[in-house]
S.K.: 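Below you will find the structure I want to go over with you.
Sequence lines set the chain letters: A, B, ... in the order given, protein chains first and strands last, and positions in each chain run from 1. Computed over heavy atoms, backbone and side chain alike; hydrogens, waters and symmetry mates excluded.
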Number of protein chains: 2
Amino acid sequence: MAATSGGKTYHHGDLRNALIGAAVDLATEGGPERVVLREAARRVGVSPTAAYRHFAGRGELLRTVRGHARRRLAAAMEGTAAREPGADDPALAAERRLAALCRGYIAFALEQPGLYRAAFHTVRPAPGHGSAADLHAEESECRAFVLLGEALEALGRFRTPSGTVSRPAACAAVWSAVHGLSLLLLDGPLRRLPAPRRDAVVDTTLAMVVSGTRGL
Amino acid sequence: MAATSGGKTYHHGDLRNALIGAAVDLATEGGPERVVLREAARRVGVSPTAAYRHFAGRGELLRTVRGHARRRLAAAMEGTAAREPGADDPALAAERRLAALCRGYIAFALEQPGLYRAAFHTVRPAPGHGSAADLHAEESECRAFVLLGEALEALGRFRTPSGTVSRPAACAAVWSAVHGLSLLLLDGPLRRLPAPRRDAVVDTTLAMVVSGTRGL
DNA sequence: GCCCGATGTTGACCGCATGAACATTCCGCG
DNA sequence: CGCGGAATGTTCATGCGGTCAACATCGGGC
């Protein structure tokens with residue numbers, strides 16, 4: 001029986017994906033805290049514990065949603081960067097691309113606050129569970145980071161009075177700025193900032209990043 | 001009866017503060033999610049619902065803890081800045097103070113992850129409750145922000161190719177960087193970074209901030 | 001000295017995560 | 001084709017947490 005057919009069947013046929021979809025919706029609506037097994041099951045029309053046939057528990061569902069959210073974020077960044085006009089000077093083009101990626105990042109956070117929060121929500125396993133290595137591998141999957149890294153690479157200039165700055169470190173610095181800004185605007189004390197001021201803050205932060213990156 | 005006397009009495013005498021203390025401990029141990037009314041009551045040796053005589057609910061307790069955490073954060077920043085040697089050049093001194101405040105900020109986040117997370121945890125009221133104005137007033141109380149602002153003021157230079165950058169916006173930019181970095185290192189994908197690399201990332205970010213601020 | 005209000009306590013209800021035991025269905029093997 | 005085990009759902013039960021209402025106790029002002 002196909003999930004697409006209307007008839008109710010004992011076996012859903014695509015429960016896993018249906019649950020993921022519902023969970024993503026929940027995250028979109030209210031962030032990771034709102035991702036609740038029972039509610040997802042309810043929306044899919046299945047009993048509360050059915051999810052355990054497909055996920056180890058709420059944590060795993062949440063991690064799946066997180067992966068989804070991270071992919072959406074990266075896609076948003078690339079979309080914004082793709083719409084950015086190029087430049088003759090390759091250095092200028094690289095700088096523009098970096099700024100565009102950052103703008104895309106922040107725009108995604110502001111437009112999809114729930115998903116954005118889910119993208120970086122840390123799922124704490126009950127103490128004593130889960131192999132650190134497994135988690136680590138999965139953790140690293142964050143294309144947003146890679147995109148920023150590539151843009152910085154293209155920029156290719158990392159000097160400092162005291163020696164050389166590694167590109168990953170520079171990448172982390174840039175990421176820190178956009179991530180922090182996003183959270184402050186979303187959840188933090190800069191929430192409720194009227195839109196024009198908010199844009200000014202974004203512009204200033206981006207200016208700091210670009211200028212600061214120039215100086216590294 | 002004093003809270004200090006050993007005898008058990010029906011009335012605690014200082015329940016509110018005792019609960020706050022327990023809640024702060026909980027936040028210190030496991031962040032805002034771990035701040036649980038029942039557990040706080042348990043630790044204080046009181047029935048689960050006693051807290052409702054002093055707090056509207058978990059949300060209010062959490063907000064109280066948040067205020068406490070924010071104060072601790074600001075104190076840590078000031079402490080670090082106070083230990084920073086001055087400089088003859090006032091501009092240099094100002095720059096150093098700014099960097100020191102940022103370092104203090106990040107150090108606090110790394111040393112007190114639970115409290116730090118609690119300091120910026122957003123308590124979502126059930127939809128339809130709470131006057132926005134009240135919350136707003138309380139929201140703004142974040143001395144960390146003020147400290148950064150003052151340091152920037154002392155720096156006193158905000159120019160950009162396209163005009164003038166407001167000091168609050170610059171402040172937000174700096175804050176974004178340190179806040180984002182703290183979260184990435186604490187909870188985010190940069191968790192588990194070995195200490196030396198972590199320090200490198202912190203240094204790089206601070207360099208970006210200082211250099212970037214210079215360029216504003 | 002008594003009474004009211006502040007402060008705690010009990011008991012109850014609801015939602016959630018999760019595990020165990022049971023039911024239904026699907027599918028490959030004979 | 002038919003059957004039996006593996007998948008996949010369901011029901012039942014436990015435990016935790018937030019919160020409300022009704023009841024108990026204490027403390028201080030009259």
S.K.: Atom CG of B:L15 and atom P of D:dT25: how far apart are they, to the nearest Å?
M.R.: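 Those two atoms, CG and P, are 18 Å apart.
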
S.K.: Is there side-chain contact between B:L19 and B:T64, with at least one heavy-atom pair below 4.5 Å?
M.R.: no

S.K.: Rounded to the nearest angstrom, tell me the gap between atom CG in A:L62 and atom C1' in C:dA17.
M.R.: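 Going from A:L62 (CG) to C:dA17 (C1'), I get 13 Å.
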
S.K.: Report the distance from atom CG of B:L185 to atom CZ of B:R191, rounding to the nearest 0.5 Å.
M.R.: 11.0 Å

S.K.: Return the set of residues passing ring pair (Phe, Tyr, Trp, His ring centres under 6.0 Å) with B:F120 (not counting sequence neighbours), or none when no residue passes.
M.R.: B:Y116, B:W175, B:H179

S.K.: Sequence neighbours left out, what pairs pass salt bridge (Lys or Arg N to Asp or Glu O under 4.0 Å) with at least one residue falling in residues 18-28 of chain B?
M.R.: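 Residue pairs with at least one partner in residues 18-28 of chain B: there are none.
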
S.K.: Can you tell me how far C1' of D:dC26 sits from CG of B:D14, to the nearest Å?
M.R.: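 These atoms are roughly 17 Å apart.
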
S.K.: With a 3.5 Å cut-off and just heavy-atom distances, do the side chain of B:T49 and the base of C:dT10 make a donor-acceptor pair?
M.R.: yes

S.K.: Do the charged groups of A:E78 and A:R143 touch, with an N to O distance under 4.0 Å?
M.R.: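 Yes, this pair counts.
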
S.K.: Identify whether the distance between the nearest side-chain nitrogen and carboxylate oxygen of A:E33 and A:R58 falls below 4.0 Å.
M.R.: no

S.K.: With heavy-atom distances below 4.5 Å as the criterion, would you say the side chains of A:H121 and A:R117 are in contact?
M.R.: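 Not touching, per the 4.5 Å side-chain cut-off.
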
S.K.: How about A:L148 and A:C102: do any of their side-chain heavy atoms sit closer than 4.5 Å?
M.R.: yes

S.K.: Tell me which residues in residues 21-29 of chain B put a heavy atom below 4.0 Å from DNA chain D, sorted by number, or none.
M.R.: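 Of all residues in residues 21-29 of chain B, none places a heavy atom under 4.0 Å from DNA chain D.
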
S.K.: Quick one, A:R97 and A:L147 - any side-chain contact, counting heavy atoms below 4.5 Å?
M.R.: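 A:R97 reaches A:L147 side chain to side chain.
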
S.K.: Roughly, in whole Å, what's the span from CG in B:L19 to P in D:dG17?
M.R.: 15 Å

S.K.: Can you sort out which residues in residues 30-46 of chain B have a heavy atom within less than 4.0 Å of DNA chain D? Ascending by number, please.
M.R.: B:V36, B:L37, B:R38, B:R42

S.K.: Can you list, by residue number, the residues of residues 50-58 of chain A that have a non-hydrogen atom closer than 4.0 angstrom to DNA chain C?
M.R.: A:Y52, A:R53, A:G57, A:R58

S.K.: For A:P113, check side-chain contact (heavy atoms from CB on, under 4.5 Å) against everything at least two apart and list the hits.
M.R.: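 A:L186.
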
S.K.: Does a salt bridge link A:E153 with A:R167, judged by any charged N lying under 4.0 Å from a carboxylate O?
M.R.: yes

